[in-house]
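Reading through the structure tokens given below for one structure.
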Amino acid sequence: MPELPEVETVVRGLRAVLPGRRILEVRLGKTDFIENPAALEENLPGARIGAVKRYGKFLLLELESASTDEAARELALLIHLGMTGQLVTCPPDARVAPHTHVFLALDDGKELRYTDIRRFGSMQLLADGAREKALGSLGADPLEMTEEQFAAAIGSRRARVKALLLDQHVVSGIGNIYADESLWRARIHPMRIGATLKRDEIHRLYRAVRDVLNEAIRLRGSSVSDYVDSSGQRGEFQLRHRVYQREGKKCFRCGAKIRRAIVAGRSSHFCPSCQRAPRTRPQVAGGGL
DNA sequence: AGCTCTTCCTGAAAGC
DNA sequence: TGCTTTCAGGAAGAGC
């Protein structure tokens, strides 16, 4: 599922081919994940693609409307890949994958396609002033924030650290895979309360999050379900997972059996030996460590 | 403030 | 074997 490293990989791929391209034609399939489908059909044809950006797990295609009619409106297409979203460029006669719902014909003869099996993704055309409203509440990007900012965001909260890492308003871009992998690397139990983390633990978590994300970007993301990059290629970081989907297997560090528990409503994988459960209130469901 | 539950959706996997 | 049920999960909203 696309999290920060996967979205970053897609963004880098699109950055190499999209800027400067003009959109010639739009075709839509199912549109229940698009905020205003008619707005796409009206405004995308003729628009020129500018910068390709990433905000947490969001992709943003900046657009220059070709029509010089009224005020030259700055538009942007905001895209979230949800769990199974794919953005791929291909020749227009390439086989159409099932569940492909957006086709953008480009002026270099290529096509940009959006495929999303579960349609948990979203697509929205943002007018001039709407960008701040759509993205303003996002937390800082963990690769851009300082350790002090990270410590302030996590260390002041009474929620479980797993919930905090997943909360896009606290830090943006981390999902279930990278939360679990980061916590394992930092040797912190997912049920720990943010405000109870020691300075050294915050430091380890900050380092772990950044190291895991950077390494995952280097390996072009994790392909666990349907993720592929903008060329249709799978990533390789799933080969480096230490806890995610490794329930019952041996911890790479100590050999104990990896456990799975529901934390913050999400399946959480951790080593009960390396990542000590908090002693007092929050207990892992079913007792035990 | 933070937790749990629900909703959206499909396909894989488990259950019978 | 084949049908049915459960589950997974990003994000938002409801209710406590």
Side-chain angles (χ1 to χ4, degrees), chain A residues 1-8 10 28-35 37 54-60 78-87 96-102 114-124 133-139 141-142 152-182 189-197 213 216 221-228 238 241 243-248 258-269 278 280-286:
Chain A
M1 39 227 82
E3 303 178 25
L4 187 154
E6 290 76 31
V7 177
E8 179 65 23
V10 171
L28 303 178
K30 291 186 180 178
T31 58
D32 56 357
F33 62 97
I34 303 174
E35 193 216 32
R54 178 183 65 76
Y55 295 91
K57 303 179 195 173
F58 287 93
L59 292 106
L60 189 79
L78 183 66
I79 302 168
H80 195 295
L81 300 177
M83 292 188 51
T84 54
Q86 303 175 343
L87 263 180
V96 175
H99 308 287
T100 300
H101 297 302
V102 178
Y114 179 75
T115 305
D116 191 347
I117 296 174
R118 295 182 191 174
R119 303 202 302 286
F120 274 22
S122 65
M123 209 172 279
Q124 183 180 7
K133 197 169 74 178
L135 296 170
S137 69
L138 274 186
D141 190 298
I154 301 285
S156 63
R157 303 286 298 273
R158 299 295 306 171
R160 291 165 179 159
V161 63
K162 172 75 181 257
L164 293 171
L165 289 176
L166 290 180
D167 187 340
Q168 302 301 298
H169 306 292
V170 176
V171 286
S172 59
I174 299 173
N176 209 32
I177 296 174
Y178 297 104
D180 283 3
E181 292 297 320
S182 298
H189 194 282
M191 288 192 125
R192 292 284 303 280
I193 301 297
T196 69
L197 294 176
L213 293 176
S222 301
S223 289
V224 289
S225 57
D226 304 272
Y227 167 73
V228 292
Q238 68 278 5
H241 289 176
V243 281
Y244 187 74
Q245 288 187 342
R246 292 195 66 246
E247 181 183 13
I258 299 302
R259 286 197 48 185
R260 187 172 74 94
I262 301 300
V263 183
R266 293 280 170 262
S267 172
S268 299
H269 311 76
T280 51
R281 245 187 325 156
Q283 294 293 325
V284 176

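Chain letters run A, B, ... following the sequence lines, proteins first, then strands; residues in each count from 1. Please read all numbers here as calculations on a predicted model, not as lab measurements.
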Handout entry: Check ion pair Asp180(A)-Arg266(A) (N to O, under 4.0 angstrom)
Key = no

Problem - Per-nucleotide protein contact string for nucleotides 2-7 of chain B, where B marks a base within reach and S marks sugar-phosphate only (heavy atoms under 4.0 Å, - for neither) - result: SS----

Problem - Any His99(A) side-chain N or O less than 4.0 Å from OP1/OP2 of dT10(B) - result: no

Handout entry: Exam field: side chain Gln86(A) to backbone Asp116(A), donor-acceptor pair closer than 3.5 Å
Key = no

Exercise for the section: Check whether any side-chain nitrogen or oxygen of Tyr178(A) sits under 4.0 Å from OP1 or OP2 of dG10(C), and answer yes or no. Expected result: no

Practice task
Answer yes or no: is there a donor N or O on one side and an acceptor on the other, between the side chain of Glu3(A) and the main chain of Gly175(A), under 3.5 Å?
Solution key: yes

Practice task
Look at the side chain of Glu6(A) and the backbone N and O of Gly221(A), then say whether any donor-acceptor pair between them is shorter than 3.5 Å.
Solution key: no

Practice task
Could you tell me the separation between the CD atom of Gln124(A) and the P atom of dA12(C), rounded to a whole number of Å?
Solution key: 11 Å

Practice task
Mark yes or no for whether Ser267(A), through its side chain, and Ile262(A), through its backbone, hold a donor-acceptor pair below 3.5 Å.
Solution key: no

Exercise for the section: Figure out the CD1/C1' separation between Ile262(A) and dA8(C), and round it to whole Å. Expected result: 9 Å

Exercise for the section: Round to the nearest Å and state the distance from Leu166(A) atom CG to dA12(C) atom C1'. Expected result: 15 Å

Exercise for the section: May I ask you to say what Asp32(A) touches in the nucleic acid, namely base, sugar-phosphate or nothing, with a heavy-atom cut-off under 4.0 Å? Expected result: sugar-phosphate

Fill in the blank from the handout: Rounded to whole Å, the CG-P distance (Asp226(A) to dG10(C)) equals 13 Å

Handout entry: Below 4.0 Å: OP1/OP2 of dT10(B) and any side-chain N or O of Arg119(A)
Key = yes

Problem - Flag for Thr84(A)-Arg118(A): side-chain donor and acceptor within less than 3.5 Å - result: no

Exercise for the section: Please check the phosphate of dG10(C) (OP1 and OP2 only) for any side-chain N or O of Gln168(A) closer than 4.0 Å. Expected result: no

Handout entry: Arg260(A), nearest nucleotide to its side chain (from dA8(C), dA11(C), dT10(B))
Key = dA8(C)

Exercise for the section: Please answer whether the main-chain N or O of Arg54(A) pairs with a side-chain N or O of Glu8(A) as donor and acceptor at a distance below 3.5 Å. Expected result: no

Practice task
Quickly work out the Leu81(A) CG to dG9(C) C1' distance and round it to whole Å.
Solution key: 14 Å

Practice task
Could you tell me whether the side chain of Gln168(A) and the main chain of Ile174(A) form a donor-acceptor pair under 3.5 Å?
Solution key: yes

Handout entry: Nucleotide dC8(B), atom C1' - distance to NE2 of His101(A) in whole Å
Key = 14 Å

Exercise for the section: Determine the contact category for Tyr227(A): base if any of its heavy atoms lies under 4.0 Å from a base atom, sugar-phosphate if only primed atoms, P, OP1 or OP2 are that close, otherwise nothing. Expected result: nothing

Practice task
Let me know the distance between NE2 of His169(A) and C1' of dA12(C), rounded to the nearest Å.
Solution key: 8 Å

Practice task
For Thr84(A), answer base if it contacts any base atom (sugar-phosphate contacts may also be present), sugar-phosphate if it contacts only those atoms, and nothing otherwise; contact means non-hydrogen atoms under 4.0 Å.
Solution key: nothing

Handout entry: Phosphate OP1/OP2 of dG10(C) contacted by Arg266(A) side-chain N/O (<4.0 Å)
Key = yes

Practice task
Please check if the side chain of His80(A) supplies one atom and the backbone of Phe58(A) the other of a donor-acceptor pair under 3.5 Å.
Solution key: no

Exercise for the section: Establish, with yes or no, whether the OP1 or OP2 oxygen of dG9(C) is under 4.0 angstrom from a side-chain nitrogen or oxygen of Lys57(A). Expected result: no

Exercise for the section: Check every strand shown and say whether Met83(A) touches a base, only sugar-phosphate, or nothing at a heavy-atom separation below 4.0 Å. Expected result: base

Problem - Closest non-hydrogen atom pair, Arg246(A) against Ile258(A) - result: O-CB, 3.3 Å

Completion exercise
Whole-Å distance, Arg118(A) CZ to dC9(B) C1', equals 7 Å

Completion exercise
If each end axis of the helix from dG2(B)-dC16(C) to dC16(B)-dG2(C) is fitted on five C1' pair positions, the angle between them, to 10 degrees, is 60°

